[in-house]
Amino acid sequence: MKIKRYILTFVLITLTLGTYAQLLYEISGNSVRKKSYVLATDKYVEIQFLDTIPNLFKCFGMCNKVITEFAMQDYEALAALRQAALLPDSVKLTNYYSESEYQQIDNALRINLGLGLDKLCRMKPSYLAEMFRAELMKQWLNYDEQKTMSGFFEAIAAERNMPVIGLDNIGETMYMLFDREPFHWQCAELLKVTEYPENEVKQERMLRDMYLDGRLRDIAYQVEGPDNNTSVSYSDYKVFCQRNEQWVKRLKPYLTDGGAFITLDAVYLGGEKGLLELLRAAGYRVRPVNRKVITAKHNNN
C-alpha cells in the first residue's frame, strides 16, 4: 500500500509540475525558411533562472539575430529617452495635486529614493512612478538591475556582433514609457503608487510566481482583470494588445527569414490577445520547445 501511495504521489507531482515552465516557444510553418524562437522574460527574475529552462541556450545558438522590444544598445536613443522623461517648462506638478497630496508624494520619494520633488519635479509622473516602483522591488523582491535576465541576450548578441533589432522605434518607445496614458491619469497613478505601495509589491510578487511556473495565460488575466488596481492595469493591457498586433506584422520578414531569437516580457505573450495567439492566428505554428512535459491537465500558453 505504501508503494502504491508513493507512486500515486509521484504521478500527481509530475502532472502538476510537468505542465509549468513553458517560457520558450518555437515558431515555424507559414513558409518560414528556418525556425525562430520566443522567450518570455521577467525583469524581477535573476539571470541564473535561465539555466533551468531546458534547451534555451541550444536554441539561442541556432539563431542569427535577436529581436526585442527596444534595442537598448542604441545609446543615442537612450539619451533621447532621458530627455523625453522631462516635463515641458509650462507644466507644473503643483497644479495637479492638492498641497497634502503633493506633500505625500514628496515624502514617499524622499524616503525611498533619497530625493524629493524639489529635485524631481521636472520629471513626468509616469517616470517618477516607475522609479518609485523599481525601488520598492529592490527592497521587497530583492530586485537587482545588474542581475536581471532582461537585456541578457541582447548583450550577448552585441558581444558576438549579432544584429539586435527593436520592434519599436524611438518615438513609439517614448510613447509607451511616458505618454501611453493621459497626463491626469499619470498624476493619479503616481499618487496611488505612493499611497498604496503594498499593492504594487503584491502584484509583482504574484506575477513573478506565475512566471516561474510558466503560467503566461494567468499573467495576462491577472493584469487585465478587474481586481488589478496597480499602476499597470487594464488600460495598459489594452495598449499592449494593440502593440502586439503591430509586432506580428513587423516580425513577418524576420520570421520568414528564420533564425530569430525573440525576447520579450511575459506580459506581452500570454492570453487571447497575447503575441503567441496572434502569431498562431497569422498562420504560424507556435509550440513550447519543451512540449514533451506538457500534459492535458493545464494549458497556460
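Atom NZ of Lys252 has 12 or fewer neighbouring heavy atoms from other residues, nucleotides or ligands inside a 6.0 Å radius. The environment of Glu99 atom CD is sparse: at most 12 non-hydrogen atoms of other residues, nucleotides or ligands sit within 6.0 angstrom. The environment of Lys138 atom NZ is dense: over 12 non-hydrogen atoms of other residues, nucleotides or ligands sit within 6.0 angstrom. Residue Lys34 qualifies as enclosed at atom NZ: its count of foreign heavy atoms under 6.0 Å is above 12. Dense packing is recorded around CZ of Phe57, with more than 12 heavy atoms of other residues, nucleotides or ligands lying under 6.0 Å away.
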| field | Steps toward side-chain contact (heavy atoms from CB on, under 4.5 Å) verdict (Val91, Phe183) | value | CA-CA 10 Å; Val91 177; Phe183 188 76; 3.8 Å; yes

| task | Mind running side-chain contact (heavy atoms from CB on, under 4.5 Å) on Asp236 and Val267 for me, showing each step along the way? | result | CA-CA 11 Å; Asp236 300 282; Val267 74; over 6 Å; no

| task | Quick one: do Ile262 and Leu251 satisfy side-chain contact (heavy atoms from CB on, under 4.5 Å)? Show the steps, please. | result | CA-CA 9 Å; Ile262 306 161; Leu251 282 169; 3.8 Å; yes

| query | Given Arg217 and Glu277, is the side-chain contact (heavy atoms from CB on, under 4.5 Å) satisfied, shown in steps? | reply | CA-CA 10 Å; Arg217 188 178 296 273; Glu277 285 300 327; 3.8 Å; yes

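Asn30 CG to Thr256 OG1: the interatomic distance, rounded to the nearest 0.5 Å, is 7.0 Å. Interatomic distance, Leu109 CG to Lys119 NZ, rounded to the nearest 0.5 Å: 14.0 Å. Once rounded to the nearest 0.5 Å, the distance linking CD1 of Ile53 with CD of Gln22 reads 10.0 Å. Taking CZ of Phe70 as the start and CG of Leu167 as the end, the distance is 12.0 Å to the nearest 0.5 Å. In this structure, NZ on Lys35 lies 11.5 Å from CD1 on Ile27, to the nearest 0.5 angstrom. Annotation: the span from Ile219 atom CD1 to Tyr221 atom OH amounts to 12.5 Å, rounded to 0.5 Å.
A continuous path of hydrophobic side-chain contacts links Met62 to Phe152 [ILVMFWY only; heavy atoms under 4.5 Å]. In the hydrophobic cluster analysis, where Ile, Leu, Val, Met, Phe, Trp and Tyr join through side-chain heavy atoms closer than 4.5 angstrom, Tyr196 is grouped apart from Leu136. Placement of Ile111 and Met137 in two distinct hydrophobic clusters is found when ILVMFWY residues are connected by side-chain heavy-atom separations under 4.5 Å, directly or transitively. Cluster annotation: Tyr127 is not connected to Trp185 through the hydrophobic network of ILVMFWY side chains, with a link wherever side-chain heavy atoms come within less than 4.5 Å.
You'll find the side chain of Leu190 reaches within 4.5 Å of the side chain of Tyr97, heavy atoms only. Looking at heavy atoms from C-beta onward, Ile105 lies out of side-chain contact with Leu93 at the 4.5 angstrom threshold. Side-chain contact between Asp218 and Asp213 is absent, with no heavy-atom pair separated by less than 4.5 Å. With a 4.5 Å cut-off on side-chain heavy atoms, Leu39 and Leu50 count as touching. Within the 4.5 Å cutoff, the side chain of Met123 has heavy atoms near those of the Leu86 side chain.
Residue pairs meeting the side chain to side chain donor-acceptor pair (under 3.5 Å) criterion with at least one member in residues 106-118, sequence neighbours excluded, are Gln103-Asn107, Asp106-Arg110, Arg110-Asp118, Asn112-Gln139. Each salt bridge (charged side-chain N to carboxylate O under 4.0 Å, His left out) pair with one or both residues in residues 41-60, not counting sequence neighbours, appears once here: Lys43-Glu130. The ring-ring contact (aromatic ring centres under 6.0 Å, His included) pairs that include a residue from residues 252-281 are Phe60-Phe261, Phe153-Phe261, Phe240-Tyr268, Trp247-Tyr268, where partners are two or more places apart or lie in different chains. Contacts classified as side chain to side chain donor-acceptor pair (under 3.5 Å) and involving residues 84-96 (residues at least two apart or in different chains) are given here: Asp89-Arg122.
Looking only at distances, no side-chain donor or acceptor of Glu200 sits under 3.5 Å from a matching main-chain atom of Pro197. Using a distance-only test at 3.5 Å, with no hydrogens or angles considered, a donor-acceptor pair links the side chain of Thr68 to the main chain of Thr263. In this structure, Thr52 contributes its side chain and Phe49 its backbone to a donor-acceptor pair below 3.5 Å. Remark: side-chain polar atoms of Asn290 are paired, donor with acceptor, to backbone N or O of Pro54 under 3.5 angstrom. When atom types are taken as modelled, the side chain of Arg33 and the backbone of Gly258 share no donor-acceptor pair closer than 3.5 angstrom. Asn228 places a side-chain N or O within donor-acceptor distance of the main-chain N or O of Val223, the cut-off being under 3.5 Å. Judged by distance alone, the side chain of Arg280 and the main-chain N or O of Val286 form a donor-acceptor pair under 3.5 Å.
Partners of Tyr143 by ring-ring contact (aromatic ring centres under 6.0 Å, His included), not counting sequence neighbours, listed by chain and number: Tyr44. Every residue two or more places apart in sequence or in another chain that forms a side-chain hydrogen bond (donor to acceptor under 3.5 Å, both in side chains) with Thr194 is listed here: Gln104. Taking the side chain to side chain contact (heavy atoms under 4.5 Å, CB included) definition, one finds that Ala84 meets it with Met174, Phe178, sequence neighbours left out. Legend: residues meeting ring-ring contact (aromatic ring centres under 6.0 Å, His included) with Tyr102, ordered by chain and number and at least two apart, are absent. Residues meeting the side-chain hydrogen bond (donor to acceptor under 3.5 Å, both in side chains) test with Gln203, sequence neighbours left out: Gln222. For the ring-ring contact (aromatic ring centres under 6.0 Å, His included) test, no residue two or more places apart in sequence or in another chain qualifies with Tyr237. Scored by the side-chain hydrogen bond (donor to acceptor under 3.5 Å, both in side chains) test, Asp257 finds Lys65 as partners (sequence neighbours excluded). For Asn244, the side-chain hydrogen bond (donor to acceptor under 3.5 Å, both in side chains) test picks out no residue, with sequence neighbours left out.
Between Ala266 and Tyr211, the closest heavy-atom pair is CB-CD1, 3.8 Å. Across all non-hydrogen atoms, the minimal contact from Val164 to Ala157 is CG2-CB, 3.7 Å. Nearest heavy-atom pair across Cys59 and Tyr37 is SG-CE2, 3.5 Å. Closest heavy-atom contact between Ala40 and Leu216: CB-CD2, 3.9 Å. Taking all atoms of both residues into account, the shortest heavy-atom contact from Cys241 to Leu278 is O-CD1, 4.5 Å. Contact detail for Met162 and Asn64: the closest heavy-atom pair is CE-C, 3.6 Å.
For the side-chain hydrogen bond (donor to acceptor under 3.5 Å, both in side chains) with Ser231, the qualifying choice from Gln186, Arg133, Glu181 is Arg133, the only one to do so.
A salt bridge does not link Asp209 with Arg215: every distance from a Lys NZ or Arg NE/NH1/NH2 to an Asp or Glu carboxylate oxygen is 4.0 Å or more.
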